[in-house]
Structure formats: C-alpha cells, structure tokens
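As the structure lists them, so they are numbered: ligands from 1, and atoms in each ligand from 1. The figures that follow rest on heavy atoms only: side chains count, while hydrogens, waters and symmetry mates do not. Index from 1, following the sequence.
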Amino acid sequence: MIYLDNSATTKPCAEAVEAVAGALTRDWGNPSALYDFGISAARQLRTARHAVAAAMGAEPDRVFFTSCGTEADNWAVYGTAKRFGKRGKHIVTTAMEHHAILNCMKDLEAQGFEVTYLQPDALGNISADALKAALRKDTILVSVMMVNNEAGSVMPIAQMAKLTHRLCPDAIFHTDAVQGFLKIPFQAKTLGADLISVSSHKIHGPKGAGALYISPRLKSFPPLIQGGGQEGGYRSGTEGTPALFGFAAAAEAGGKTFREDIARERGLLENLCAQLEALPGVQLNGAHDAPHILSVSIPGVPTQNSINILQDAGICVSAGSACAKGHRSHVLTAMGVSEKAIDSAFRVSLSRETTQEDIDALVWTIRENILPRI
Ligand code: PLP
C-alpha cells in the first residue's frame, strides 16, 4: 500500500505501539490509586504530559489531555462561550475551519451568538488585516486554524493572536493546530494563543488522544467533564493511559526529528507539484505552504473515479477532508475554486514515511490511468 492520506490519520510509530502495549499489558494501573502500582501509572502520566508539552513548547501543567482534536476544539469554543458569553456575543472564525469548529459555531449562533466567518483568498490564505477588520468591542473569541487541512495554507497565527490581544484585550484566541503540530514550528509559550488544540493520531500516535493547551493567562477555564477531578479538575474520567502514553511516545519521537522530517516532506511535495504541473489537465488548488498537504483536481474526472483508480494501484488518497464525506468541500468553495474542479478534487498528504517512489507511483498512475479519462 502507498499511503498518501496522512492528514486523515498516520501510521502509529514503533515507539507509540510499544507504549500502548506497555500500558495495556504491564502498566495498566489507575493513576488515581494510592498504592505503588497506581502511583507508578500517575508518574508515567506525568512523564507523558511533559513529553507532549515539550513537543508543543508548552508548560506541562497547562497541557490537558482529551480524547481527540475534535474534543479539544469543542472544549475551546464552548468553554470560552460559557465563561465569557455574558461579556459579549461576538465570535470570529474562518469559513474554512474543520467541522469540529464550524458545527460548534452553528450551534452557538442558534443560541444567540453572532459569528463572523473570515473568507480565504483563492489560495486559502487569510490575512491578519482581514481579522483586524472583523474584531469588535464585544468579540470574546477568535478561532483560526494553523494549517488548513485541504488547501495546505498556513495562517499567520502569532500575528493574529498579537493583534487580537492588542485590539480586544479580553478576547480569547484559539488555534486548531491539529494539522500544524510537528509540521509548522511553534512554541505554545510564545505563540500568543490562549488555547491550542492538537491530536495524537495525526502525529503517528494512536487514536483516542488529543490535548488542549490552556495558557497561564487564562487563570480559570470551564471544565469539560465533571467527575472525579482528573486532569486538574478540567476533564474528569479515569485517564485513557494506553492512548495517552502512545501519544506521548509519538510526540517525543516526532519532536526529535521533525525539522529534518518536514524539510524532507517539503522537498517531496515540491517534487510532486513540479511533476503534476507538467501534466496538462491537472490543476493544483491552494497555497500548499504546509510541508504535507496538496489538493489536486483533474476537471472532468469525478473525485470518486480518481480515488478508485488510485486504489486499484494500491494508492490511498482522500476526497478533500475525510471528515466531510459526501459534501462539496466548503474549503475549496470558500476559495472560489470552480465546481468542476471541486467535483474532481482529491487530497494528497505526506508524512515522514513517504518516499520518492510513492510520489513517482502516484504521478505515474495519474498520467497513465486517470488523465486518459478526461
Ligand atoms: N482539526 C483539523 C484541522 C483536522 O484536520 C482534524 C482531523 O482531520 C480535526 C480537527 C479533528 O481531529 P480528530 O480526528 O483528532 O478529532
């Protein structure tokens, strides 16, 4: 199998698999228990939090584990609305967020909040100036993704966070960094965002783990789940140690090599772009400034046909975002991509496992088996 759908999920790395197995077979104690077996699990959980925090450039005591990126996103949005909703009812986000954000916004609109959706340009970029024009006195939350999961565009998060805090000192700035974590260098401590969402299974960790960074600027934040007081009282429930230890192992392994990894991925993506640009009938969508995401259209060949042809050649790519099955991509629509191009779009996404041979096989299959269908 040639796996080129790494923005949907990544192959768990050996370190993560070993950590998950260890937590299931050896270190399966309850971290809240008061005997040595439990205390040892609590110690490992602390180590895991330090590892994820180190990869994020965060203070360990400000990293709170969740079950996935979607949960972190929901917590950020609903928590802010709950905490600050009395002060103001205005929220700014973008028209090309993941549905983990957009559907929360729709729900909040139904509850009386007013949401401004910043529109991307043709490449999927959104400028800090566009945000500046949208900020208001009653803005309580700005939520902008770090990397768009279809266009591969990278938002100027540090600049946007700074601007938000300057013009709306009481507003909260959240970034969904699910596609940016270990792909775009950032340090949570200095980025300026108050809330940052990340996910384990996008960085070669297991599914079932994510985290929300809550900056020390936010002295208190509404808990996500009430109960026995785990995660500092923010997210109760016995910690899912297998997934969390796996997440930490993946973050630690990824953190060691990510600068070389992203340089390599960027080289492969540039090579892919150059090869595809040379093929008449292929259209590349979006900025693809991130090292790992490329949206490709072959107008005239429906997305599903291309996916089937690639699958027959053993190649996995996705129809835009895997999370938006059956709908015309809201991201490409917001970018003003033509309907014909949207209906033939698929996303290629790379990881540190991707090789030049994978890229060449993809290009060969497109040239030999898809383009003749136009
Ligand atoms: N945010 C973005 C930008 C994503 O790409 C995804 C997943 O594709 C998510 C959030 C959701 O993450 P998870 O699958 O961990 O819930």
Side-chain angles (χ1 to χ4, degrees), residues 3-12 16 52 55-56 63-78 93-105 117-118 120 124-126 143-155 157 174-184 186 193 195-213 224 235 240 243-244 246-248 250-251 254 286-295 316-327 329-332 334-335 346-351:
Y3 186 75
L4 294 171
D5 195 13
N6 290 281
S7 288
T9 199
T10 51
K11 182 181 172 187
V52 173
M56 292 179 76
V63 172
F64 299 92
F65 287 128
T66 62
S67 70
C68 57
T70 299
E71 186 180 306
D73 282 346
N74 273 245
W75 186 12
V77 174
Y78 285 118
T93 188
T94 81
M96 57 175 199
E97 295 297 305
H98 189 272
H99 284 100
I101 293 291
L102 286 181
N103 287 344
C104 299
M105 296 297 173
Y117 296 91
L118 303 177
N125 290 316
I126 293 178
S143 181
V144 177
M145 69 201 322
M146 185 173 285
V147 171
N148 181 267
N149 49 305
E150 289 185 55
S153 47
V154 181
M155 272 23 91
I157 296 301
H174 166 249
T175 185
D176 170 345
V178 167
Q179 296 291 350
F181 185 32
L182 295 182
K183 296 291 182 186
I184 304 294
F186 71 86
L195 300 166
I196 304 173
S197 308
V198 295
S199 174
S200 156
H201 74 108
K202 312 285 189 185
I203 63 150
H204 302 281
K207 290 155 192 68
L212 183 67
Y213 168 78
L224 177 66
R235 185 187 184 274
L244 298 181
F247 181 18
H288 46 83
D289 286 331
H292 62 306
I293 298 174
L294 182 65
S295 169
C316 302
V317 299
S318 91
S321 147
C323 320
K325 272 189 214 119
H327 298 284
S329 158
H330 67 286
V331 174
L332 299 182
M335 286 159 54
F346 56 89
R347 177 185 67 185
V348 180
S349 49
L350 280 49
S351 79

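- Remark: ligand 1 and Gly69 share an N or O pair separated by less than 3.5 Å (distance only, no angle test).
- Side-chain atoms of Ser295 do not come within 3.5 Å of backbone N or O of Arg347 as any donor-acceptor pair.
- For the residue pair His174/Ser197, the side-chain donor-acceptor check at 3.5 Å is satisfied.
- Here the side chain of Asn6 pairs a donor or acceptor atom with the backbone of Ser349 at under 3.5 angstrom.
- Of all the listed residues (Ser199, Ser7, Ala72, Ala100), Ser199 holds the heavy atom that lies closest to atom 15 (O) of ligand 1.
- Both the backbone and the side chain of Thr70 come within 4.0 Å of ligand 1, counting heavy atoms alone.
- Not one N or O on the side chain of Asn149 forms a donor-acceptor pair closer than 3.5 Å with the backbone of Gln179.
- Counting heavy atoms under 4.0 Å from ligand 1, residue His201 touches it through the side chain alone.
- Assignment of Lys202 to the shell around ligand 1 is supported, since a heavy atom sits closer than 4.0 Å.
- Heavy atoms from other residues, nucleotides or ligands lying under 6.0 Å from NZ of Lys11 number 12 at most.
- Residue Asn148 does not touch ligand 1, judged by heavy-atom distances below 4.0 Å.
- The residue Glu71 has no part lying near ligand 1, judged by heavy-atom distances below 4.0 Å.
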